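Note that the structure is a prediction, hence the values are computed from the model and not measured. Residues take their numbers from the sequence shown, with the count starting at 1. Whatever order the structure lists ligands and atoms in, that order sets their numbers, starting from 1.
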Amino acid sequence: MRFLIGCVIMMGVICTGKSFAMHRASSVEKPLVVILMGPPAAGKGTQATALTDYLGLPHISTGDLFRENIRNQTPVGKTAKAYIDQGKLVPDQVTIDMLFARISHPDCQHGYILDGFPRTVEQARTFHQRLEAQAAKVECVVLNLNADDAELVERITGRMICKGCSKPYHKHYSPPQQEGVCDACGGDLYQRDDDTAAVFTKRLEVYRVQTAPLISYYQSKGLLKQIPSKNSSDQVFQEVIHALPHTPALAEK
Ligand code: AP5
Ligand code: MG
């Protein structure tokens, strides 16, 4: 019975999300850009995956784009690998060029969900300057996910990711229905090379020094909304939805 009720709620969420996306696409509203920020393992990928279903907007993760480039052994992939393996940020210019190439695709014309970009004040400045220079203005909301360090370590050590669609799972919090297989696309699940304790410690340190300053950067622009992410993914998702502009509150559905 609880399963059936859950399915009904989820179908309602998905249907309302799709109509929200169709409404945006057919109206004169500006494209919506949702920026998901937060330390490694805060849940950016998890929330972006759910938001993509809800809003019908593409999920653009610079980490996923780099991993795809590494798999395809492109020049960007070769440059990025050396940094990612050490838990360091890939240089700004490489990241910005890759990101802008991706968001120039037609699927981004009504907006997109950014996961893990921007990650430095320089990336943010360049991104917003370029957006402002474009004829079509966008509406931006920045959601900062956070959880304490012990929770982040617990999440990272139990994480598995789909090779096919990049959907994240967790061995305790959100296991797949069949071990090692993605519920969404049937792809194999794997552990990321940079999810070792040593690299994770470095990623957290890099986050504090290079990415955390973006919190005050976006606060001063009036764009930042704080989303505590210590609760379950579903509860965090409800907070995410409530923080979006022009979105009917879930409670009203
Ligand atoms: P990237 O791939 O973006 O990694 P990250 O920022 O370290 O973040 P993660 O992907 O590890 O965590 P997440 O927040 O997505 O959490 P998830 O949802 O998976 O970047 C990798 C590397 O690429 C960087 O280190 C850098 O080198 C390079 N890079 C990328 N972007 C760059 C940029 N802009 N500039 C320069 N370099 C860049 O969740 C984690 C786990 O927790 C999962 O198992 C999940 O199931 C579970 N979980 C999630 N939410 C909850 C919850 N509420 N309760 C319980 N469990 C939860
Ligand atoms: Mg991620």
Which residue in the set Asp97, Asp107, Thr62 passes side-chain contact (heavy atoms from CB on, under 4.5 Å) when paired with Arg102?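 When Asp97, Asp107, Thr62 are each tested with Arg102, the side-chain contact (heavy atoms from CB on, under 4.5 Å) holds only for Asp107.
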Determine, using the 4.5 Å side-chain heavy-atom cutoff (strictly less than), whether [X] and [Y] are members of one ILVMFWY cluster.
{"X": "Ile227", "Y": "Leu114", "value": "no"}
{"X": "Leu143", "Y": "Leu32", "value": "yes"}
{"X": "Tyr112", "Y": "Val141", "value": "no"}
{"X": "Ile60", "Y": "Tyr218", "value": "yes"}

How does [X] reach ligand 1, if at all, at less than 4.0 Å between non-hydrogen atoms: by side chain, backbone, both, or neither?
{"X": "Ser61", "answer": "neither"}
{"X": "Ala147", "answer": "neither"}
{"X": "Tyr169", "answer": "backbone"}

Atoms of ligand 1 close to [X] [distance to a heavy atom under 4.0 angstrom, numbered from 1]:
{"X": "Pro168", "answer": "18 (O), 19 (O)"}
{"X": "His170", "answer": "44 (O), 46 (O)"}
{"X": "Thr95", "answer": "33 (C), 34 (N), 35 (N), 36 (C)"}
{"X": "Gln123", "answer": "33 (C), 34 (N), 35 (N), 36 (C)"}
{"X": "Lys88", "answer": "26 (C), 27 (O)"}
{"X": "Ser174", "answer": "46 (O)"}
{"X": "Ser229", "answer": "53 (N)"}
{"X": "Ser232", "answer": "53 (N)"}

Tell me which protein heavy atom sits closest to [atom], plus the residue, atom name and distance to 0.1 Å.
{"atom": "atom 53 (N) of ligand 1", "value": "Asn231 O, 2.7 Å"}
{"atom": "atom 15 (O) of ligand 1", "value": "Gly45 N, 2.9 Å"}
{"atom": "atom 38 (C) of ligand 1", "value": "Phe66 CE1, 3.7 Å"}
{"atom": "atom 6 (O) of ligand 1", "value": "Arg119 NH2, 2.3 Å"}
{"atom": "atom 31 (N) of ligand 1", "value": "Thr62 OG1, 2.8 Å"}
{"atom": "atom 16 (O) of ligand 1", "value": "Gly43 N, 3.2 Å"}
{"atom": "atom 39 (O) of ligand 1", "value": "Thr46 OG1, 3.7 Å"}
{"atom": "atom 55 (C) of ligand 1", "value": "Tyr173 CD1, 3.2 Å"}

Check whether Tyr169 forms a cation-pi arrangement with Lys167 (NZ or CZ under 6.0 Å from the six-membered ring centre, at most 45° off the ring normal).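 Satisfied, under 6.0 Å and within 45°.
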State if Ala42 counts as touching ligand 1 under the rule of any non-hydrogen atom under 4.0 Å.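 Yes, Ala42 has a heavy atom closer than 4.0 Å to ligand 1.
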Determine whether any heavy atom of Ile161 lies closer than 4.0 Å to an atom of ligand 1. no
Which of these, [options], has its nearest heavy atom closest to [atom]?
{"atom": "atom 40 (C) of ligand 1", "options": "Ala41, Pro39, Gly158", "value": "Ala41"}
{"atom": "atom 22 (C) of ligand 1", "options": "Asp85, Val206, Ile84", "value": "Ile84"}
{"atom": "atom 21 (C) of ligand 1", "options": "Arg203, Arg192, Gln235", "value": "Arg192"}

Under 4.5 Å between any side-chain heavy atoms of [X] and [Y], yes or no?
{"X": "Pro31", "Y": "Glu139", "result": "no"}
{"X": "Pro176", "Y": "Cys182", "result": "no"}
{"X": "Ser61", "Y": "Phe117", "result": "no"}
{"X": "Leu57", "Y": "Leu51", "result": "no"}
{"X": "Lys225", "Y": "Val142", "result": "no"}

Using a 3.5 Å cut-off on N or O atoms only, is [X] in polar contact with ligand 1?
{"X": "Pro40", "value": "no"}
{"X": "Ser233", "value": "yes"}
{"X": "Gly116", "value": "yes"}
{"X": "Val90", "value": "yes"}
{"X": "Arg67", "value": "yes"}
{"X": "Asp195", "value": "no"}
{"X": "Met160", "value": "no"}

Calculate, to the nearest 0.5 Å, the distance between atoms NE2 and CD1 belonging to His128 and Ile35 respectively. 4.5 Å
With rounding to the nearest 0.5 angstrom, report the OG to CD1 distance, Ser220 to Ile215.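 Ser220 atom OG to Ile215 atom CD1 measures 12.0 Å (nearest 0.5 Å).
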As a test of understanding, state which of Asp149, Asp85, Asp194 forms a salt bridge (charged side-chain N to carboxylate O under 4.0 Å, His left out) with Arg203.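 Result: among Asp149, Asp85, Asp194, Asp194 is the only option passing the salt bridge (charged side-chain N to carboxylate O under 4.0 Å, His left out) with Arg203.
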Under 30°, 30 to 60°, or over 60°: which ring-plane class applies to Tyr54 and Phe237, parallel, tilted or perpendicular?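 Plane angle over 60°, so perpendicular.
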Parallel, tilted or perpendicular: which one describes the rings of His170 and His172, with boundaries at 30° and 60°? tilted
Within the distance-only criterion (no hydrogens, no angle test), does the side chain of Gln235 pair as donor or acceptor with the backbone N or O of Ser232 below 3.5 angstrom?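 Looks like yes, one N/O pair under 3.5 Å.
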Is atom CG of Asp193 surrounded by more than 12 heavy atoms (other residues, nucleotides or ligands) closer than 6.0 Å?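 Counting neighbours around CG of Asp193, 12 or fewer heavy atoms of other residues, nucleotides or ligands fall under 6.0 Å, so no.
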